[in-house]
Structure formats: C-alpha cells, structure tokens
Amino acid sequence: MLPQLESRISSAVSQHILIRYGVEIPVTLEQPRQASFGEFAIPAAFQLARQLKKAPRAIAEELVAELPAIAGVKTLEVAGGGYINLRLDRGALAFAAVSPGQSAGAAGDGKVIVEHTNINPNKAAHIGHLRNAILGDTFVRMLRASGQRVEVQNYIDNTGVQVADVVVGFHYLDGKKPEDVRALISAEKFDFYCWDLYAKISQHYKDNPDSLQWRRDTLHAIEAGQGELAELGRLVADAIVECHMNTMWRLGIQYDVLPRESEILHLKFWASAFEQLKERKAIYLETEGKNAGCWVMPGSAFDENREDQDSKVIVRSNGTVTYVGKDIAYQMWKFGLLGKDFYYQPFRTYADGHPVFVSTATAEGAAPVSFGGGRKVFNVIDSRQSYLQDVVVAGLKALNYHEQAANSIHFSYEMVAMSPRACVELGIELSAEDQARPYVEVSGRKGLGVKADDLIDKLIDSALAEVASRNEDKTADEQFDAASAIAIGALRYFMLKFTRNTVIAFDFQEALSFTGETGPYVQYGAVRAGKILQKAGALPDFAQVLTPAVCAALLEDEALWQHLLAVSRTGQTLNSALAAGEPAQMARFAFQLAQQYSSFYRDYPVIQETGAEKRAFLLWLTAQYRAQLEQTLGMLGITVPAFM
RNA sequence: GGGCGCGUAGCUCAGUUGGAUAGAGCAUCAGCCUUCUAAGCUGAGGGUCGCAGGUUCGAUCCCUGCCGCGCCUACCA
C-alpha cells in the first residue's frame with residue numbers, strides 16, 4: 001500500500017510546485033535517517049533552491065504553509081536545512097492494511113526473456129555457474145512477482161570447443177568407445193568424471209601442442225554430425241545437460257526452454273542473419289590488412305568515440321562464423337527478428353508439473369509450442385563478456401533494430417573467485433604470486449574450483465547436524481527436508497548478498513555460515529512467526545476487531561508503528577530492486593525485515609497478551625511478518641522450513 | 001596502449017538519481033535462556049570513505065589528474 005501512497009504524495013507536491021513556482025521537477029520521497037523524523041522526507045526544496053535562487057529552508061517553509069491537504073498524510077514540518085518531513089495518519093493506514101484489499105498487479109505488455117545458466121555441457125557445474133543461475137532465477141522471480149510475463153532460456157552450446165575437448169579426452173587419450181561412455185553415464189556422477197577428464201586433456205594440450213589437431217578434427221566432426229566423434233559429442237553433451245538440470249533443480253531453478261547450438265547450425269539461423277547483415281551493410285568483406293578475407297563489423301559500430309578501434313571478425317577467412325556471429329543470430333531470434341524458429345520437444349517435466357522444452361531440428365514429432373519473440377531480453381552473462389555483448393547489440397543497431405538494441409540488456413555480474421584460504425582447504429597448491437593475490441580465478445581447465453553439487457552436499461550435511469541436534473523428536477526425513485531448505489537458503493542468500501559488480505572471493509567459512517546476515521537467519525524469523533501463529537489457534541477476523549480507532553490508539557506506540565511500516569515496504573523495495581536490476585537489494589531487505597521481526601519477537605510476547613484488541617493486532621502483525629518474510633524469501637528462491 | 005570495474009571499520013561488504021550524526025555481518029570484548037525456539041537479543045571498541053585538486057549552500061557519490069588491484073582488448077567459445 002505504501003507505493004500508491006508515495007506516488008500520490010509525490011504527484012500532489014510536484015503539481016503544487018508547478019502551479020506555485022511554474023517549475024516542473026520530479027518530486028522524490030526519501031526515508032528519513034531517523035524514524036523520529038517521520039515516515040517520509042521530501043528534499044524538493046533543495047532542488048528548487050538552485051532554480052529559484054532562494055534559501056532551501058525558506059522554500060520549504062512556503063511549501064509547508066501552502067500545500068493542500070493530502071489524503072493519508074497527517075502533518076508536514078520543515079527540518080534541517082530544508083527537508084520537509086511528513087507524518088502519516090496511522091490509524092487510517094493501519095486500517096487500510098488490515099482490511100483485505102486487492103492491489104492490481106500491473107501486467108507488463110509483451111514477454112520478457114531472461115537467459116541464464118548457459119553452462120558448457122562438458123563438466124560439472126561450479127560455484128561460478130551457481131552465481132549466474134541464482135542471479136538469473138532470482139531476477140525472474142522478481143519480475144514475475146511484479147506481474148511480468150517471463151520466459152526463461154538456458155542456452156546449450158553442445159557443439160563447441162569445450163565439449164570437443166572432453167570428446168578428445170575420451171577418444172584419443174583414453175581410447176573409449178561410445179558404449180564405454182554410455183556405461184560411464186549410467187554410473188554415478190558423470191559430470192564429475194568429465195571434470196577431471198577436462199583438466200587432464202587441457203594439461204595434455206599444454207604439454208603437447210601438436211595434439212591440438214585432435215581438437216580441430218573433433219570440432220569438425222561434431223559440426224558435421226557424422227561418425228563416432230560426433231556420437232561421443234552428443235552423448236557427452238546430452239548427459240551433462242541432464243546433470244546440470246538436476247543440480248539446478250536442487251536449488252529450485254527451472255527453465256522454459258533449452259535452445260541448442262546444434263539446432264542453430266542445422267536450421268541455418270546464421271545464414272538468415274548473414275543475409276540481413278550483408279544486405280543492410282552492417283558488416284563488410286575486408287580486403288586488406290590482417291583481417292583480409294574476413295567479414296568484419298567496423299569498430300566504430302560498437303564504440304562510437306573510437307574510430308581507430310579494431311574491427312571485429314564475424315566470419316573467418318575460411319568461411320566459418322565466429323561465436324559472436326552466431327550470438328547475433330540467436331539474439332535476433334529472441335526478438336523474433338530472424339523469420340525462423342526452432343522445433344521443440346519436451347525435455348522433462350519438473351516435480352511441480354512445469355514442462356521444459358528443448359530445441360530440435362525437425363518438424364517430425366515436434367510439440368506445438370513456440371518460444372522467443374520477446375519484447376525485452378536480459379542476458380545473464382559475466383562481465384568478462386561485455387565486449388562481445390556490445391558487439392551483439394551493435395549488430396542489432398546496424399540492422400536498424402534500434403528498439404531491440406535498447407531492450408537488449410547485458411545483465412552482467414563479476415566472477416566468483418577463490419580466496420587463497422579456500423584453495424588451501426581444497427589442497428590446491430598455489431604459486432607464490434597467486435598466494436599474494438586477494439583471490440584466484442576459478443579455472444575449469446585447471447580443474448580448480450568448487451563443484452556445485454559438492455558444495456550443496458556439504459551445506460546439507462552441516463545443516464543436518466544442526467537440525468538433528470535441535471529437533472531430536474523429528475523423523476530423519478523431516479530433518480533432511482528442513483536441512484535441505486536451510487542449506488539452499490544459505491547458498492542462495494550467499495550468492496545474492498553481494499551486488500552484481502562485486503567479485504566474490506569464495507570462502508568456505510562464509511558460505512557455510514548459518515548465522516548473521518544469511519538465508520537461515522531470515523528463515524529462522526519466518527519459522528518463529530509461524531510457530532506463534534500455530535500456537536495461537538484460530539485467528540480473529542482482523543478487519544472486524546481492528547477498527548480505525550483501535551488501530552490509531554494502539555499505534556500511539558511508536559515501536560508498533562515502526563513494525564507496521566516495516567511489513568509495508570515489500571512492494572516498494574521490489575520496484576526499486578527491479579529498476580536497479582539488483583537482486584542484492586531484495587536480499588538485503590529480507591535480512592532487514594527479519595531483523596525487525598527479531599526485535600518485535602523480543603518486545604511483544606504475543607501469546608501472553610491479555611488485551612483482546614492488542615492481542616489481535618499483535619497476531620495480525622505476526623501474520624504480516626510471516627507473509628512478507630515468506631514472500632520475499634520466495635522471490636529469492638528460498639523456502640521456509642517446517643522447523644529449525 | 002585503450003576500454004570497463006573496483007579501492008569505505010581488523011576481515012567481507014552495503015550505502016537508495018549529491019543531503020540530516022557514513023551503516024551491516026563476521027571477528028574481539030562485556031552481558032542476556034524457570035517467559036511464544038539463544039541459528040536469537042543488548043551493549044562496547046573500531047573510519048584521514050586510496051591520494052590531490054575542482055564543481056556545489058552541501059561530495060563516499062559528479063568532473064580532472066595520480067596511485068594500487070582486477071577483468072577485457074583472438075580468424076577460442
């Protein structure tokens with residue numbers, strides 16, 4: 001309810017300023033530094049001071065004296081150098097909150113596409129991939145909570161170098177046949193097996209540079225789709241995709257569609273894009289210099305103020321297309337600009353009944369579904385690829401798709417690295433140079449990193465020990481369910497508490513913590529609130545008991561008023577977190593809400609309260625806290641365990 | 001060389017389009033379980049917001065320069 005009130009206040013004030021001073025300024029509301037200053041502060045007088053050449057304080061006084069009454073606002077006062085502090089009508093606000101009303105969810109026009117995860121299907125997922133998937137999944141949940149229609153895509157590069165390398169490992173190094181690999185797949189943890197194999201082949205390349213010819217041959221065979229190497233490629237990629245989907249589902253992460261590189265090749269997506277790019281002169285055939293014979297995009301296209309910027313090769317001199325080229329075609333498909341679509345088959349159905357589809361190359365047996373054609377596209381990709389993302393956007397611009405270029409958002413984030421201490425704990429030897437660094441980059445090629453499933457297992461073990469010691473009366477299954485929820489809560493919160501452009505130096509001690517600013521702390525608050533509601537038995541009809549007069553009287557207690565405000569801020573926070581594209585804001589809010597609840601829990605013994613009206617109000621607040629905590633955690637992809 | 005990002009308490013990080021006394025967690029120290037779960041709560045110590053200029057009534061935030069760190073800058077993906 002606060003967002004509506006807020007916009008009502010801000011438009012009333014800006015309208016008054018327009019009439020009174022003939023100046024149009026956006027009036028923003030701030031949360032005052034101290035609660036005792038009131039609910040909102042308006043710094044508009046400071047903005048006006050410059051234009052009107054008048055002291056901010058004097059302007060604020062004029063405004064306060066002349067502003068017409070605003071519904072829901074009780075008093076205005078001038079404070080500090082020119083703030084207008086504003087106090088709300090407590091009883092009216094509380095009654096509005098108590099009465100079951102319905103705020104209309106603003107349905108956005110058109111579909112939003114969020115692409116995340118995108119792990120090369122050649123080895124186990126690691127903590128870097130977890131940050132991507134958790135960030136993407138959380139943003140999806142936030143968008144959906146705000147009423148937007150969202151499609152989640154997980155792009156599978158099943159024909160790339162990384163898959164080829166593992167195939168090289170199986171075929172050339174280990175002399176494995178497809179049936180041998182099939183046997184390995186049915187055994188456990190195929191993705192872990194490939195993790196080691198990938199490190200092994202990478203080292204082999206390093207020691208024997210000649211063997212890189214194996215990679216070229218294998219890549220070629222995979223693209224052609226024929227023969228044993230291609231079969232191995234399909235086996236590896238398909239099996240690893242299954243592993244990744246399982247890992248992500250442990251964290252509650254689902255997808256709608258898995259577009260694959262193999263279909264982009266077979267359905268000739270690139271050919272269509274290439275025609276458009278040539279036709280609209282977005283790229284040209286270079287005739288001289290080091291890029292002679294290549295189709296390139298001029299550097300000026302993606303970096304306006306740098307004429308001398310190197311051009312970017314899109315098609316190599318041997319006629320093959322680069323990754324960026326394919327990415328331009330793929331991005332065009334996401335906006336429905338390619339004039340083509342994949343065919344789809346069901347891939348799996350999640351336990352909650354939600355289906356996910358995978359792209360296929362033929363119409364035969366295809367499911368009657370279609371994807372892509374979004375209005376806005378968020379690509380969750382780490383910041384190291386920002387240069388390539390710029391080139392993709394430049395491609396859209398050069399094709400005159402300016403609106404789509406503007407709606408292509410690189411949802412970038414910094415990498416997850418390893419703290420030197422974490423490396424030591426894993427028994428990884430570091431060079432003296434690396435030891436001196438604040439963090440060490442995770443490297444699949446070196447096999448240096450923490451596997452996602454290992455970390456989740458470790459978290460569950462550690463949570464289970466805690467749960468079991470506190471809840472001996474519960475069954476093993478119940479304990480395990482609670483421990484899982486807590487482990488996932490800890491992991492997801494840990495990945496979300498940092499803002500996107502902060503490098504996370506992964507540290508076991510911090511990631512495995514269940515106290516302080518963590519997911520379990522927030523879950524604990526929700527569990528305690530749930531327990532009180534459970535003990536209280538049947539709840540009264542709040543709207544009946546808590547009349548405006550009763551609310552107003554109870555809310556003379558300043559602390560209770562602050563608690564009411566605390567449970568009223570979810571929508572406002574969601575809007576701001578979405579606008580900033582920063583899930584960390586939502587995570588932080590969850591923590592602050594839980595902190596507020598802790599002090600409510602300490603100060604107000606709900607069950608013991610004997611006054612009927614007060615008891616009803618405390619119960620209502622408890623229910624609000626529980627609901628808001630649950631809802632906010634839900635946006636973070638964190639569930640509330642039955643007990644802790 | 002160029003581009004992007006970062007530098008805030010011992011450590012890890014927030015800091016809401018420039019605003020009131022710069023915040024939180026961890027760690028340290030001192031307290032709180034016969035009272036709805038102590039995965040909790042209360043309190044204390046701890047800061048030249050990298051450095052130097054500039055713009056402004058006002059700068060952690062904007063501009064310039066410098067220092068330090070990271071990433072990117074492939075006919076790899």
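Numbered from 1 within each chain, the chains take letters A, B, ... in sequence-line order. This one's a predicted model, so the numbers in the text were calculated from it and none came from an experiment.
- For A/Glu510 and A/Lys497, the salt-bridge test fails: no basic side-chain N is under 4.0 Å from an acidic carboxylate O.
- An anti base is found at B/rC51: its glycosidic angle is more than 90° from 0.
- Interface remark: the A/Asn85 side chain does form a donor-acceptor pair with the B/rA20 base, using a distance-only criterion of under 3.5 Å.
- Remark: ring of A/Phe37 overlaps the six-membered base ring of B/rA20 in a stacked fashion, centroids less than 5.5 Å apart, planes less than 30° apart.
- A/Tyr493 contributes a side-chain N or O that, together with a main-chain N or O of A/Ala587, makes up a donor-acceptor pair within less than 3.5 Å.
- Listed by residue number, A/Arg588, A/Phe591, A/Gln595 are the residues of residues 578-597 of chain A with a heavy-atom contact under 4.0 Å to RNA chain B.
- A donor-acceptor pair under 3.5 Å links the side-chain atoms of A/Asn132 to the main chain of A/Thr117, judged by distance alone.
- Across all strands shown, A/Glu510 has heavy atoms under 4.0 Å from sugar-phosphate atoms exclusively, and none from any base.
- In the set B/rA39, B/rU37, B/rU35, B/rU37 carries the atom at the smallest distance from any side-chain atom of A/Lys531.
- Within residues 479-492 of chain A, the residues having any heavy atom closer than 4.0 Å to RNA chain B are, in order of number, A/Ile486.
- Contact annotation for A/Val324: no contact, since no heavy-atom pair falls under 4.0 Å across all strands.
- Taking atom C1' in both B/rG46 and B/rA59, one finds a spacing of 24 Å when rounded to whole Å.
- Relative to the side chain of A/Val467, the nucleotides B/rA39, B/rC76, B/rC41 differ in distance, and B/rA39 lies closest.
- In this model, a side-chain donor or acceptor of A/Ser317 finds a partner on the base of B/rC75 within 3.5 Å.
- Residue A/Gln509 qualifies as open at atom CD: its count of foreign heavy atoms under 6.0 Å is 12 or below.
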Secondary structure of RNA chain B per the Watson-Crick/G-U criterion (both distances under 3.5 Å; [ ] crossing, | other strand, . unpaired) is (((((((..((((.....[...)))).(((((.......))))).....(((((..]....))))))))))))....
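- Across all strands shown, A/Pro43 has no heavy atoms under 4.0 Å from either base or sugar-phosphate atoms.
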